[in-house]
Number of protein chains: 2
Amino acid sequence: MFSKACIYAIQATIYLAQQSGERGGKPYTPVAEIAQALGIPFQFLKKIIQTLAEKGLLLTQRSAKGGVALARTANTMTVLDVIAAIDGVEMFTTECILKFPGCGNEKPCPMHNHWAVERVRLQKMFQQTNLEEVAVNVSKGLTRLGMIEMKAT
Amino acid sequence: MFSKACIYAIQATIYLAQQSGERGGKPYTPVAEIAQALGIPFQFLKKIIQTLAEKGLLLTQRSAKGGVALARTANTMTVLDVIAAIDGVEMFTTECILKFPGCGNEKPCPMHNHWAVERVRLQKMFQQTNLEEVAVNVSKGLTRLGMIEMKAT
DNA sequence: TATATTAAAGACAATATACTCTTTTATATC
DNA sequence: GATATAAAAGAGTATATTGTCTTTAATATA
């Protein structure tokens, strides 16, 4: 469904949302820390982070005590925003599940009418899920981010 | 969502369902004809067809007037059956959308509870769609298989 | 039985995705 | 202002997926 890059982007932004939620937390988190904490290849994550920064989702600071941070509050950033920045939203809007170029309501492929319904549901689901609520659930221990244990801070 | 191989498998089996639906049609369809008709790379399709045959979905006949055919009637073969043979059903059953190995109801990832709902819907959708109904719609001109025009026969 | 047709088999090539390494640049902190 | 920290930039490698080519084998048909 999603590329590895996109999956890592979602994980990293959730991690950053957690960081931003911590009282007295540092303003920036080094990419190396995120990669370490989530088990994501460091150099690969850096490129992904760069893309997210270019798309305006993250702020970067290169200096001592630098790193990256969410460009806006976690409750105004949705999982769909992150997906859109990396893999794009076409899969939820126009892309045919059989990858036929002209597929749409006028020229539907054999699966179009079924898929069009699910596609919209998926998009809504990711759009309605913001990084704050997700991060809070992780911090509460209700859900897990990767293989690491997350305890309330 | 699906690999190219899986997409081609779905297209090819729908094409074969159309063939089997035609009165007085030949029992077997050459892979070359399917590849030609649907614009699928011939040699690649042959391997995919082989896999489908190994999984029991298709019958093959190597000889003059040979080719491939559905192993059972089109109305008893679902799109999910085809997907299962190529990409597997894990994506609808156990696979985490963030690809976390241990993700499940006990140890849910941040998206698990949302995704688990959609996953099941998708599986049902593909399971409830059999090749006959799909092929009939294509033959009626209600839907299209690839870029080619399909007229009622 | 000879022949043409077509799938089977397996090596190989191209492309896309995932991942790494090295050098450079910015800047907060001391 | 010197230094250390950390991102930026870009070339390079590894792996998986997709696609091609050639040779072999089966068998229906004539």
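Labels below follow one simple rule: chain letters A, B, ... track the order of the sequence lines, proteins then strands, and each chain is numbered from 1. The structure presented is a predicted model; accordingly, all values stated were derived computationally and were not measured.
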Minimum heavy-atom separation for L57(A) to M77(A), with atom names?
O-CE, 3.3 Å

Could you give the NZ-to-P distance, from K4(A) to dT17(C), as a whole number of Å?
14 Å

Within this structure, what is the CD1-to-C1' distance between I48(A) and dT17(C), rounded to whole angstrom?
11 Å

So, for A9(B) and I48(B), which heavy atoms are closest and what is the spacing to 0.1 Å?
CB-CG2, 3.7 Å

Note: V138(A) and P110(B) closest approach over all heavy atoms is CG2-CG, 3.7 Å

5'-most by nearest nucleotide on DNA chain C - S63(A) or K46(A)
K46(A)

Whole-Å gap separating C1' (dC19(C)) and CD1 (I40(A))
13 Å

Whole angstrom value for the distance that separates P of dA4(C) from CZ of R62(B):
18 Å

Any N or O donor-acceptor pair under 3.5 Å from the base of dT20(C) to the side chain of K47(A)?
yes

Could you tell me whether the side chains of Q18(B) and S139(B) share a donor-acceptor contact shorter than 3.5 Å?
yes

Identify the two heavy atoms, one from W115(A) and one from E95(A), that lie closest to each other, and give their separation to 0.1 Å.
NE1-O, 3.4 Å

Base, sugar-phosphate, or nothing: which does Q50(B) touch, judged by heavy atoms less than 4.0 Å apart?
sugar-phosphate

Under 4.0 Å between a Lys/Arg side-chain N and an Asp/Glu carboxylate O for D81(B) and R72(B)?
yes

Integer-rounded Å distance: dT25(C) C1' and Q61(A) CD:
13 Å

In whole angstroms, the gap separating P of dA7(C) from CD of Q43(B) amounts to 11 Å

Where along residues 85-96 of chain A does a heavy atom come under 4.0 Å from DNA chain D, residue by residue in number order?
none

Whole-Å gap separating P (dT6(C)) and CZ (F42(B)):
9 Å

Distance-only side-chain donor-acceptor flag, E33(A) / Y15(A), under 3.5 Å:
yes

Tell me whether the side-chain N/O atoms of T60(B) come closer than 4.0 Å to OP1 or OP2 in dT6(C).
no

Rounded distance (Å) that lies between atom C1' of dC19(C) and atom CG of L45(A):
12 Å

Terminal contacting nucleotides, 5' and 3', DNA chain D versus chain B (heavy atom, 4.0 Å)
dT18(D) to dA28(D)

Aromatic ring pairing F126(A)/F92(A), orientation class (parallel under 30°, perpendicular over 60°, tilted between)
tilted

Contact summary for L70(A) and T13(A), nearest pair of heavy atoms
CD2-O, 4.1 Å

